[in-house]
Structures are given as structure tokens and as C-alpha cells.
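What you see is a predicted model, and the numbers here were worked out from it, not measured in a lab.
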Amino acid sequence: MAEFEDNQSRGVTVRDVDAAAFIAAYAAHLKRSNEMELPANWDFMKTAPHKEYSPFDPDWYYIRAASIARKVYLRRSTGVGALQKVYGSKKRRGTRTNHFAVASGGVIRHILHNLENSNVLEADEKGGRRISRVGQQHLDRIATAVYRGQA
């Protein structure tokens, strides 16, 4: 019974660990591994057309890539349009009321292509992307390290 409570009898998946801890660990892994090809203007890119500035964190691209990989892991057949809605936010329009605006599709598409090239994601037959078998093993290995406190 104690083995089941310690999560030792079964494998640890991405669903079992805290989202923020997993994203931070996977972003650090992506940065160390040099698997991601950054766009030429990544330091000037905005994450959405309605944003005024680019992100202040210099590792924002790796953090967004880790977050996208986690989102696709949790919900298969996720495409660019769905991820634009997930990462969208309010558009401030001065004295008029705020409205929802979607995130930049180019940034999301570039990250999805990078994750496909590193065999983490693959195209789904229903449309969108899904996690590959190799990618699932890879993300579960990092989730296990986060669960055990090694990452």
C-alpha cells in the first residue's frame, strides 16, 4: 500500500507533477540540449499583436516551447488555432472596454515545427499535432525527475 501512495508502483507522467515545476525543468532541458532553433529576431518578437513589448525574460522562447509541449501532451489533436486561444489575453483599447485577442500564430507555429523536428510532436491524422511515442517517453522522464526532486 505504501508503494502505491509513493507513486512507485506505476510510472510518473506529466499529469502527476506541478505544471510550473515541469515547465521550468523542461525549458531548462531545451536550453541545455540546443535542440531548439531560435528565430533570427527572437529577442524582438512579441507573443501577440496586441502586446506592447516583447517578453522581459530572455528564456521566454524555451518556456513557451515547454508549455506548448505540455499542452499537446495533455490534449491531443491540438493545432495552432487552439493554442492561439490558450495563450491569448485581453486587448487593452484605452478608454473602451477590453476584448479578448488571440496570441501570435507565427511564434506558436515555429515552436511546433521545432518540436516536430526534435521528434517530440508529430502530425495527427485528425488535424493538429499530438505527442509522439518518443516524445511521451522523454517528457515522462523529465516529469519523473521533477517528482523525485532531481530537476
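Evaluation of the side chain to side chain contact (heavy atoms under 4.5 Å, CB included) rule for Q137 yields R133 as partners, not counting sequence neighbours. For the side chain to side chain donor-acceptor pair (under 3.5 Å) test, no residue two or more places apart in sequence or in another chain qualifies with Y62. Listed by chain and number, the residues in a side chain to side chain donor-acceptor pair (under 3.5 Å) with H29 are H138 (sequence neighbours excluded). Residues meeting the side chain to side chain contact (heavy atoms under 4.5 Å, CB included) test with S132, sequence neighbours left out: E122, V134. In terms of the side chain to side chain contact (heavy atoms under 4.5 Å, CB included) criterion, residue partners of A21 (sequence neighbours excluded) are, by chain and number, D18, V146. Evaluation of the side chain to side chain donor-acceptor pair (under 3.5 Å) rule for N114 yields Y61, H110 as partners, not counting sequence neighbours. With sequence neighbours excluded, the residues satisfying side chain to side chain contact (heavy atoms under 4.5 Å, CB included) with E125 are R76, R130. In this structure S67 satisfies the side chain to side chain donor-acceptor pair (under 3.5 Å) test together with Y87, sequence neighbours excluded.
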Q. Step by step, would you call D140 with Y73 a side chain to side chain contact (heavy atoms under 4.5 Å, CB included)?
A. CA-CA 10 Å; D140 286 343; Y73 182 99; 2.7 Å; yes

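Within the structure, the salt bridge (Lys or Arg N to Asp or Glu O under 4.0 Å) test picks out the following pairs touching residues 105-118 (sequence neighbours left out): E116-R129. For residues 57-67, the set of pairs meeting the salt bridge (Lys or Arg N to Asp or Glu O under 4.0 Å) definition, not counting sequence neighbours, comprises K31-D59. The salt bridge (Lys or Arg N to Asp or Glu O under 4.0 Å) pairs that include a residue from residues 82-103 number zero, where partners must be two or more places apart or lie in different chains.
Within the 4.5 Å cutoff, the side chain of W60 has heavy atoms near those of the V107 side chain.
From I111, atom CD1 reaches atom CD of E37 across 13.0 Å, with rounding to the nearest 0.5 Å. To the nearest 0.5 Å, atoms CD1 (I68) and CZ (R70) are separated by 13.0 Å. Distance check, rounded to the nearest 0.5 Å: CG of L112 to OG1 of T78 gives 9.0 Å.
No side-chain donor-acceptor contact under 3.5 Å links E35 to the backbone of S118.
With L139 as the partner, the side-chain contact (heavy atoms from CB on, under 4.5 Å) test is satisfied by one option alone out of V72, T13, T144, I131: I131.
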